[in-house]
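Within every chain, numbering begins at 1; the chains are lettered A, B, ... in the order of the sequence lines, protein sequences first and strands thereafter.
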Amino acid sequence: MVQVGTSRVKRGMAEMQKGGVIMDVVNAEQAKIAEAAGAVAVMALERVPSDIRAAGGVARMADLSIVEEVLNAVSIPVMAKARIGHFVEARVLESLGVDYLDESEVLTPADDLYHINKKEFTVPFVCGARDLGEALRRIGEGASMIRTKGEPGTGNIVEAVRHMRTMMSQIRKVQAMSYDELMAEAKNLGAPYELLEEVHKTGKLPVVNFAAGGVATPADAALMMQLGSDGVFVGSGIFKSENPEKFARAIVEATTHYTDYELIARVSKGLGTAMPGIEISKIREADRMQERGW
Amino acid sequence: MKIGVLALQGAVAEHVRMLEEVGATAVPVKKVEELDDLDGLVIPGGESTTISKLMHKYGFMEAVQEFGKANKPIFGTCAGAILLAKRIQGQDDCHLGLMEIKVERNAFGRQKESFEVLMPVAGVAADYPAVFIRAPYIMEVGENGQVLAKHEDKIVVARSGHYLVAAFHPELTEDTRLHKYFLDMVKEYRS
């Protein structure tokens, strides 16, 4: 019997993206540049996170004509973002043929209590997380891929590093625990017990885990890979840099060869200026995207 | 038996684990020099455009072509099948062009049409769990090729001499029978 939308098919899609770079794009032309540079997928958006941050107001699902334009422009998978809890936006994007949905804190949340029940969908979801508890709650709701939240649109890697380090350290701790301690730890982390048990046994998340939120240079991408990421999302970092095409290629190469420092040096030369960055403490607490989601 | 898994992008660790389960020594391959002492090579699933670009960049195209021409077995899964094919539907050029097959990319549709199904694979299993993800299919097999499995009349596993391709992802299951089949191919060609 042929089965669509099974957990294996959804999680498997993310497995195929491993070691790769997923790039934010706002039109067909950028999507083609990303594909030519070696992106494993593109995220179709109306505005990149740094522009969303600058514009303020309510950020919603992208204009569907942009999503459609990107779907038609490239042969690699296309992702799109829906607001946290906005299952209708998600359904609309799914119906359009989007390959992967991001229930994203970059957009203004539509529900201040609940995330989308992602198990009901045929297409897979990626969700942001800052720690192991948050990651396992999202996986419990049906997410097939996790990414760090970082602090989107800042070009500042510090938050993504914090989130990845936190998650990895918590995973190591859970793996080393005795069985007796797991239920109490599930309570501490706010994580579903069965999923925590799986982490205890395997020493890793049950799904692929990418870095996102602040990756601005090839060295940033390699840093996140060394901290344990399976791949990298680059939002504003590419098309807000001086030379997007070159930048995109350099980030792809640094992600593949993340321990080859001579190679990273070579691809990082003559790239021009990276996107302008923002110091996290200069962002008001209410404007920090990573605080969105529960 | 030492088998490499091309590790530029995609599901590398899964292939390594399964090859080791069937008794091979498996290593990820990131540099061309690492091909030298291998008896066989797996080209994993991933994004074929990405893997192809990185292969060009680091001299893997010529190196893997030589590897294949030296009669060393290569197993391509999903993207790996596209990379091995001599002809690709709708494109004038191909990637490695080592195997006499014609493939069509994303032939079963987008992710929402991706599926899994139990299917017979000739000489391998009567009930192989095949996971198709934005999968290609094989439109034609050259005259010396064998069709090992079909789904809805479309060829999804084929072999031609020392080349083996699957449109689906054996590395996403716990079923090692296709990896065992490939290991036997490697042994056959080594002796």
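Counting heavy-atom pairs under 4.5 Å between each of A:Thr6, A:Asp230, A:Thr122 and chain B puts A:Thr6 at the top. Among A:Gly20, A:Gly19, A:Gly38, the residue making the largest number of heavy-atom pairs under 4.5 Å with chain B is A:Gly38. Chain B forms more heavy-atom pairs under 4.5 Å with one residue of A:Ala37, A:Pro77, A:Gly97 than with any other, namely A:Pro77. The residue among A:Gly231, A:Ala36, A:Gly5 with the most heavy atom pairs within less than 4.5 Å of chain B is A:Ala36. Your options are B:Val12, B:Leu54, B:Thr49, B:Leu172, and the one with the most heavy-atom pairs under 4.5 Å with chain A is B:Leu172. When the candidates B:Thr173, B:Leu8, B:Asn106 are compared by the number of heavy-atom contacts under 4.5 Å with chain A, B:Leu8 comes out ahead.
Annotation: the span from A:Asp99 atom CG to B:Ile133 atom CD1 amounts to 11.5 Å, rounded to 0.5 Å.
Here the closest heavy-atom approach between residue A:Ile76 and residue B:Arg110 is recorded as O-NH2, 4.3 Å. Considering every non-hydrogen atom in both A:Ser75 and B:Arg105, the closest pair reads OG-NH1, 2.8 Å. Taking all atoms of both residues into account, the shortest heavy-atom contact from B:Gln9 to A:Lys18 is NE2-O, 2.9 Å.
Residues A:Glu94 and B:Lys112 are not paired through a salt bridge, judged by the lack of any N-O separation under 4.0 Å between the basic side chain and the carboxylate. Under a 4.0 Å N-O distance rule, the pair A:Asp260/B:Lys31 qualifies as a salt bridge.
When side chains are defined from C-beta on, A:Leu263 counts as touching B:Tyr58, because their heavy atoms get closer than 4.5 Å. At least one side-chain heavy atom of A:Pro124 sits under 4.5 Å from a side-chain heavy atom of B:Gln111. Between B:His169 and A:Met16, some side-chain heavy-atom pair lies under the 4.5 Å cut-off. In this structure, A:Met1 and B:Phe115 have side chains that are not in contact, with every pair of non-hydrogen atoms separated by 4.5 Å or more. Between B:Val117 and A:Gln3 the shortest side-chain heavy-atom distance does not fall below 4.5 Å.
Within the 4.5 angstrom heavy-atom criterion, atoms from both the backbone and the side chain of A:Met13 approach chain B. For A:Ala41, no part sits under 4.5 Å from any heavy atom of chain B, backbone or side chain. For A:Val208, no part lies under 4.5 angstrom from a heavy atom of chain B.
Around NZ of B:Lys180, the count of heavy atoms belonging to other residues, nucleotides or ligands within 6.0 Å does not exceed 12. The 12-atom threshold is exceeded at CD of B:Gln65, counting heavy atoms of other residues, nucleotides or ligands nearer than 6.0 Å. Taking a 6.0 Å sphere around CZ of A:Phe87, one finds it holds 12 or fewer heavy atoms contributed by other residues, nucleotides or ligands. Around atom NZ of B:Lys57, no more than 12 heavy atoms belonging to other residues, nucleotides or ligands sit under 6.0 Å away.
For the pair B:Ser114 (side chain) and A:Val9 (backbone), a donor-acceptor distance under 3.5 Å is absent.
When the options B:Glu174, B:Glu14, B:Glu116 are evaluated for a salt bridge (Lys or Arg N to Asp or Glu O under 4.0 Å) with A:Arg8, the one that passes is B:Glu116.
Within the structure, the salt bridge (Lys or Arg N to Asp or Glu O under 4.0 Å) test picks out the following pairs touching residues 34-52 of chain B (sequence neighbours left out): B:Lys2-B:Asp37, B:Asp39-B:Arg190.
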Give the C-alpha distance, both sets of side-chain angles, the deciding distance and a yes or no for side-chain contact (heavy atoms from CB on, under 4.5 Å) between B:Thr50 and A:Glu35. CA-CA 8 Å; B:Thr50 305; A:Glu35 185 178 44; over 6 Å; no
